[in-house]
A.B. asks: 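Got a structure for you, questions after.
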Number of protein chains: 2
Amino acid sequence: MFSKACEYGIRACIYIATQSLSDKRVSLKEIAKEIDSPEPFTAKILQELVKNKIVDSVKGPSGGFMISPSNISTIMLRDIVFSIDGDSIYKGCGLGMKECSEICPCPIHNQFKIIKNGIKEMLDTTNLHQLTYGLQNGMTFLKIEKNEFRD
Amino acid sequence: MFSKACEYGIRACIYIATQSLSDKRVSLKEIAKEIDSPEPFTAKILQELVKNKIVDSVKGPSGGFMISPSNISTIMLRDIVFSIDGDSIYKGCGLGMKECSEICPCPIHNQFKIIKNGIKEMLDTTNLHQLTYGLQNGMTFLKIEKNEFRD
DNA sequence: TATTTAAAGGATAAAAAAGTCTTTTATTAT
DNA sequence: ATAATAAAAGACTTTTTTATCCTTTAAATA
């Protein structure tokens, strides 16, 4: 569905957001450790997110990444995905045909339209705040992976 | 959504099916030309589909590929996709996390569940016959691409 | 102001996906 | 039988994605 880069990007945003809600700036190292991603690759992705004004960064000691809390509920999943993977996920033909359109549909056009509309709807209506919700009581990605929160 | 290989695979199956309905066997060359795909790469994909019993092949003069008409309405999109891309499209976590599950969901688990169920539903219920329908009056992929059927 | 810290930038490397080429094998028709 | 045809098989190349490394730039603080 998403590229690896995009998966890391979303995970990073969610982690940064949870920490920013507690007014904590986080370093690349901390992010990569927490979301279990390769550090230098994560750096590249964060650069892109900073360029696209989704994440803020500060250099130097006590620097790091953050997302202004007032933006956390206006940043949509779409914004993150679009920054990294573009719009190919809900645009473009399911069979990769250039001329596919409503007027000139490929054989699976109608079946796909439903799916793609669903994806678009989800990306357009899910915001970062929703995604951080439930993670705020010290629940983090690594802890999810280690099943610390299973009953 | 699908890999390039899978897109070609689906397109090839649809074309082979339309021709098989007229009792015509088709060669690799004809398929690749018709669905606008690289010939040697298409060969690889067809080999895989033959191994998975979705397509039949005959070597030698007047040989080629075909799909037994009695199978055309029982072969599901799922079967083709599964042969080439596996089940990653509707299994696996949207954020690529190993431990993601109903009990231990990733932050976008619930949003994704809806999408993945939709994809699974579509793949499981769409058969090859449905996809060939409307293509049988001489309508082919290339003609779609060239818009010969626009009004 | 010098030093340390941490992100930015750019070049490089490894892995995976996409695509190509050549040889072998099976089938048909002469 | 033999020649011609077309798929199967396997090695190989290119491109894209993923990942790494090293140098530069900016900010904080001692």
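In what follows, chains are A, B, ... by sequence order, proteins preceding strands, each numbered from 1. These numbers come from a predicted model, not from an experiment.
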A.B. asks: Expressed in angstrom and rounded to an integer, what is the separation of L46(B) atom CG from dA6(D) atom P?
C.D. replies: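 In whole Å, dA6(D) P and L46(B) CG are 15 Å from each other.
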A.B. asks: Once you round it to whole Å, what is the distance between C1' of dA7(C) and CD1 of I31(A)?
C.D. replies: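 Going from I31(A) (CD1) to dA7(C) (C1'), I get 11 Å.
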A.B. asks: Mind calculating the distance between CD1 (I84(A)) and P (dT16(D)) to the nearest angstrom?
C.D. replies: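 Distance, rounded to whole Å: 20 Å.
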A.B. asks: Is L21(B) reachable from I14(B) through a run of I, L, V, M, F, W or Y residues, each pair having side-chain heavy atoms under 4.5 Å apart?
C.D. replies: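 Hydrophobic grouping puts I14(B) with L21(B).
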A.B. asks: Less than 4.5 Å apart, any side-chain heavy atom of D56(B) and any of V50(B)?
C.D. replies: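 Result no, sub-4.5 Å side-chain heavy-atom pair not found.
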A.B. asks: Let's test your reading of the model: under 3.5 Å, does the base of dA9(D) pair with the side chain of Q47(B) as donor and acceptor?
C.D. replies: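 Check passes, donor-acceptor contact within cut-off.
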A.B. asks: Quick check against the 3.5 Å criterion: does N71(A) have a side-chain atom that pairs as donor or acceptor with the backbone of T74(A)?
C.D. replies: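 Pair absent, no side-chain N/O of N71(A) close to backbone of T74(A).
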A.B. asks: To the nearest angstrom, how far is L28(A) atom CG from dC21(D) atom P?
C.D. replies: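 After rounding, the gap between these two atoms is 13 Å.
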A.B. asks: Taking OP1 and OP2 of dA8(D), is either one under 4.0 Å from a side-chain nitrogen or oxygen of S57(B)?
C.D. replies: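 It does, given that an N or O in the side chain of S57(B) lies less than 4.0 Å from OP1 or OP2 of dA8(D).
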A.B. asks: For E48(B) and dA8(D), give me the distance from atom CD to atom C1', rounded to whole Å.
C.D. replies: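 One finds 12 Å between C1' of dA8(D) and CD of E48(B), rounded.
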A.B. asks: Which atom pair, heavy atoms only, marks the closest approach of R78(A) to D124(A)?
C.D. replies: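 Smallest interatomic distance, heavy atoms only, reads CD-OD1, 3.0 Å.
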A.B. asks: Distances under 3.5 Å between protein N/O atoms and the N/O atoms of nucleotides 23-30 of chain C, please, pair by pair.
C.D. replies:
unit_1  : atom_1 : unit_2 : atom_2 : d
dA26(C) : O4'    : K59(B) : NZ     : 3.3

A.B. asks: For nucleotides 17-21 of chain C, print each protein N/O atom paired with a nucleotide N/O atom at under 3.5 Å, atom names and distance only.
C.D. replies:
unit_1  : atom_1 : unit_2 : atom_2 : d
dA18(C) : OP1    : K4(B)  : N      : 3.1
dG19(C) : OP2    : Y8(B)  : OH     : 3.3

A.B. asks: Just how far, in rounded Å, is C1' of dA8(C) from CG of L49(A)?
C.D. replies: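 Value for this atom pair: 14 Å.
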A.B. asks: How far apart are the closest heavy atoms of I16(A) and M66(A), and which atoms are they?
C.D. replies: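 Closest pair (atom of I16(A), atom of M66(A), distance): CG2-CA, 3.4 Å.
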A.B. asks: Count I, L, V, M, F, W, Y as connected when their side-chain heavy atoms are under 4.5 Å apart, and connections chain through other members. Are F2(B) and I115(B) then in the same cluster?
C.D. replies: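 Linked within one cluster.
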A.B. asks: Please tell me whether I72(A) and V58(A) are part of a single hydrophobic cluster in this structure, the criterion being side-chain heavy atoms less than 4.5 Å apart.
C.D. replies: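 No, because I72(A) and V58(A) fall into different hydrophobic clusters, even though each may have its own neighbours under 4.5 Å.
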A.B. asks: Send over the distance from E30(B) CD to dA7(D) C1', rounded to a whole Å.
C.D. replies: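 Going from CD in E30(B) over to C1' in dA7(D) covers 15 Å.
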A.B. asks: Test your reading of the model: is there a side-chain donor-acceptor pair from K116(B) to the backbone of G92(B), 3.5 Å cut-off?
C.D. replies: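 Side chain of K116(B) to backbone of G92(B), a donor-acceptor pair under 3.5 Å: yes, one is there.
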A.B. asks: Heavy atoms only: give me the nearest G9(B)-I84(B) pair and the separation to one decimal.
C.D. replies: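 Answer, listing the atom of G9(B) first, then I84(B): CA-CD1, 3.9 Å.
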